[in-house]
Amino acid sequence: MVDKKKEQDDRFQLDFDCWEKFWAKQWQEKSLYQGKDFDKKKKKYILVEFPYPSGSGLHIGHTFTMTGADVYARKTRMAGSNVLFPMGWDAFGLPTENYAIRTSRKPQDVSRENTDNFKRQMKKMAFSFDWEREINTTTPNYYRWTQWIFIQLFKMGLAFKEAMPINWCPDCKIGLANEEVVDDRCERCGAQVSRRKLNQWIVKITDYADQLIKGLEKTDFIDKVKAAQVNWIGKSKGARVKFSISDFQSSDKKNYLEVFTTRPDTLWGATFMVISPEHSLIGEILSFDLKTRNKFELSKSRIQEIEDYIERAKRKSDLERADLAKEKTGVFTGLYAINPVNRKKIPIWISDFVLESYGTGAIMAVPAHDERDWQFAKKFDLPIIPVIKPAGNWDFSQKAYTEVDRGRMINSDFIDNFTPDQAIKKIIAFLEKEQIGRKAVNYHLRDWIFSRQHYWGEPIPMIFCAECAQNIKVKTQNWKLKDKEIFEKLKEYATKEGIDINILINNPGWYPVLEEDLPVELPQVEKYEPTDTGESPLANILNWKKTKCPCCGGEAERETDTMPNWAGSDWYYLAYCFANRLKDSKQIKSKSKIKSSQDIFSENKDVLGYWLPVDVYIGGDEHNTLHLLYSRFIYQFLYDLDVVPKQYPEPYYRRISHGVILGDDGQRMSKSRDNVINPDDKWQKYGVDTLRTYLMFMGPFEATMVWNENALKGVERFLIRFSNLIKTQAREDKKRIDNRGSCLVHQLVLKVTKDIDNFSYNTAIAAMMENLNTIFSEKLILKREDLGILIKLLAPFAPYLTEELWCRVLKKPFSVHQQSWPKAQKKYLIVQKNTIIVQINGRLKGKIDMDSSLSMDKDRVILIVKKDLAVKKHLLNQKIKKIVFIPGKLINFVVLKK
RNA sequence: GCCGCGGUGGUGAAAUUGGCAAACACGCAGGUCUCAAAAACCUGUGGUGGUAUCCCCACCUUGUGGGUUCAAAUCCCACCCGCGGCACCA
């Protein structure tokens, strides 16, 4: 043991083990890093995504990201801001539940252990989080408000239950959101996803699609993130157009097909229509009686063909259906539609390239001007009628012409000769006037499936009363039979709870849990195994499930689904602002009855107003379209509810993407590849400061980087040299000091400050290394105060070492992390000498150092240059045509080429 | 296909308001120290060629090909490649 220690000392010369323990204790006792509500200093809310505390502990990626955030937070704090830099736990989730099932333990216990481990590691890494504000999404005091938000969504008509074909993972036994399915496989376990129809809570995020796009304007997200979100929402502008169906009326008296198109200008070119295999019209067709079948020439074999096609489409996976390379398939329905602009009869086909979930599930096909329609027309020999004349020659039998900004309309009646752009405006006006269509927009964004059939999540705080449901359904179906008593009761309830009665009618039997009864706590259970029936394990806990109807008082049942993982992280950045008040929300609850308006957000509007918005949000690209979009949506919703401050409609101002660290083989780290870097091993071997500084030196903060242990040793060398400099010069006899040292140090202050502000940590460290090299090679002696400045500049990166050097070597007062960030002093920034670059025809021929005042004067520079031996020879026998002079920088002689 | 980002030594990279390409670090080579090794320190290190084995000089070099300019890694045009996201979205 002793030998090992000694060996380490000899080898590293950094006694990090000793200081880390010592200073960690000091910091803990003094709690240096608290953000102070309402402090007069400028506030800065610096947020890094909170982790899911998995069993394997903090991995190197977390360490990297959080170090980056911590450096920024530490520097900002030293520079005089009141910094809020909090941390918490996004602890609901499947891995914990699965682990708990495997080991027959409680998820609560497993989660607590993981959280403790993460926290220990973060403290070791010296992340300057404000631990007073720690939050955990799985504590009832926290998810009480996650549930409250859900209830508000319901009350505003943005949450409803509906039978939805969902992506079902047979391994996890859980319904997945579209976002959780990657290439037709479960994002988590990789199992092939199948489709199931289940009753699911749906949140209407699509209602906020426009607002979510528009809100981006106000933020300072990097382009990549903005683009990803806009792309994900996928807004298209166009028109909805009604095509009547020839000789047909559906059971609900509809005799038309409505389509969405972005190209209403090409309406005259529509030669057929296509509906999705899930379209409701198909059900009608298949249930035709014999007479009707004959009318539409629907022979037995044709009906069979349609049935087969639909059956095949059902079995196809989304991936197969989306395969662009495959040939178009389809089947004719026997029905015809009437093109509303030219009264032409066009056939209606079924094909799986039309998606039920986008637009109206039906399209008008314009094969001359749409690639897919063209392919379909070619396959089934349907007519291709051009309605735009391209600028040049175009062979429509070879390819569709899809441009909008060039060409002229033809074959199109009153819009002939217009450009497609102009034609779109004309035709929309026409459609609206004739009431056969209207301007419309569509989004790729789908509504958010909010139900999960698992134990370890927030219970959805809803109650279902079968009795009420039955009554409401009867009532709405047959208004005359309305039961006055039930209606009055419903009305009374609706008024008391502030819910629009129509919402209750649209969701028969569903009521939110009374807000004063929140949280709906997860019951302690024996078994967490998910069931194969599509029901949550909570469904088996009968005494928990059983409750009273908030409306009629009769027997009712709780919703047993839980919320998705994203729910808790939707508002966590708000929770940090009032984390201390979250802790005693139990007390608030017991305080008589709270009014429904007294939610925790409204109550804390002042403190939210102080801290919001998040100034810098650091996180991974994988959350750009999911977490970031969901949480912006929830914030916008709360904003519209008027429970958060009105000053700024977005939660986050700036978004920074962090990079990824690959294993030393250049591959993504994974256990199977055995290339995982464990931060614990590294700090034990090299110390926390070396690890932190290395992580920041590896490359640009947002880049993908490869782990290189040798480079880490290089950083270690730098820290050793740095501490040697401070140690030797702290005791140095200070007689030989000149200004050169101070000039270098103050220039470094400028550089490091700017670089940290731009998250350009690698160049900040490079500059410090360069500075150190210069000090050594020029054998400069630094003033004590300059040594102090160097320590402060390094402090955000290497907090332990710099504290040691500051307090114990320079003997300055504790703590370096509470010192003010150095400012570059003008008197040290005045440059005495300039290097003039001498070029001939733009090629470097020499450099001449001269007094900076001289270097600004063209004639004098020319004189000096012409005298300089090294340069002079290049100018002999040359005819100078022109001289380009940049004062203080460069002189370029343009000479005639021989 | 669409959107976004990128392509610079042996490696990670720096330089992006046009003005010294390769800072800083790794690696490598040589040296000092040592019985030896490690560590540490010092020196060198883009390529090709030239009476180049010493300083020296010329030319070439930032994915490819053009262009603008006194001057281009940086600006413009065309193309190639890589990464990430979306994708039969009407």
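Proteins get letters first, then strands, A, B, ... in listed order; numbering begins at 1 in each. Keep in mind that what you see is a predicted model, and the values were worked out from it rather than measured.
- No donor-acceptor contact under 3.5 angstrom links the side chains of Y694(A) and N708(A), judged on distance only.
- Using a 4.0 Å heavy-atom criterion, one finds that A711(A) contacts the sugar-phosphate atoms exclusively.
- Side chain K328(A) to base C88(B): a donor-acceptor pair is found below 3.5 Å.
- Contacts of N892(A) with the nucleic acid, taken as non-hydrogen atoms under 4.0 Å apart, include base atoms.
- Listed nucleotides: C88(B), A21(B), G12(B). Nearest to the side chain of F697(A): G12(B).
- For the pair N675(A) (side chain) and S670(A) (backbone), a donor-acceptor distance under 3.5 Å is present.
- Of the side-chain N and O atoms in R721(A), none sit less than 4.0 angstrom from OP1 or OP2 of A40(B).
- Rounded to the nearest 0.5 Å, atoms OH (Y617(A)) and OG1 (T219(A)) are 14.0 Å apart.
- Using a 4.0 Å cut-off on heavy atoms, the residues of residues 762-774 of chain A that approach RNA chain B are N762(A), T763(A), A766(A), M769(A), E770(A), N773(A), listed by number.
- Judged by the 6.0 Å and 45° rule, K242(A) forms a cation-pi pair with Y256(A).
- Side chains of S357(A) and R446(A): a donor on one and an acceptor on the other come within 3.5 Å.
- Rounding to the nearest 0.5 Å places CD1 of I222(A) at 7.0 Å from CG of N624(A).
- Side-chain proximity of V884(A) to the nucleotides C70(B), C60(B), A90(B) is greatest for C70(B).
- As rounded to the nearest Å, C55(B) and G50(B) have P atoms that lie 16 Å from one another.
- For the OP1/OP2 pair of A90(B) and a distance below 4.0 Å, the side-chain nitrogens and oxygens of S236(A) include at least one atom meeting the criterion.
- Contacts of V715(A) with the nucleic acid, taken as non-hydrogen atoms under 4.0 Å apart, are absent.
- For A71(B), neither phosphate oxygen OP1 nor OP2 lies less than 4.0 angstrom from any side-chain nitrogen or oxygen of K845(A).
- Applying the 90° criterion around 0 to the glycosidic angle, G12(B) comes out anti.
- Contact annotation: K889(A) side-chain N/O to G19(B) OP1/OP2 distance is not under 4.0 Å.
- Taking every heavy atom of both residues into account, F759(A) and F701(A) meet most closely at O-CB, 3.6 Å.
- Counting to the nearest Å, the P atom of A87(B) and the CZ atom of F353(A) are 18 Å from each other.
- A donor N or O paired with an acceptor N or O is found under 3.5 Å between the base of C20(B) and the side-chain atoms of K847(A).
- Within residues 358-368 of chain A, the residues that have a heavy atom under 4.0 Å from RNA chain B are, in order of number, Y358(A), I363(A).
- Comparing the P positions of U62(B) and U11(B) gives an interatomic distance of 16 Å, to the nearest angstrom.
- Not one N or O on the side chain of D265(A) forms a donor-acceptor pair closer than 3.5 Å with the backbone of D421(A).
- In this structure, OH of Y694(A) is placed 12 Å from C1' of A13(B), rounded to the nearest angstrom.
- Residue-to-nucleotide contacts include no donor-acceptor pair under 3.5 Å from the side chain of N710(A) to the base of C26(B).
- On the P atoms, G10(B) is 15 Å away from A22(B), given to the nearest whole Å.
- With hydrogens and angles ignored, a donor-acceptor pair under 3.5 angstrom links the side chain of Q839(A) to the base of G19(B).
- Between the side chains of D447(A) and T206(A), at least one donor N or O sits under 3.5 Å from an acceptor N or O.
- Although no hydrogens or angles enter the test, the distance criterion places a donor-acceptor pair under 3.5 Å between the side chain of T333(A) and the main chain of I348(A).
- At least one side-chain nitrogen or oxygen of R717(A) sits closer than 4.0 Å to the OP1 or OP2 atom of A40(B).
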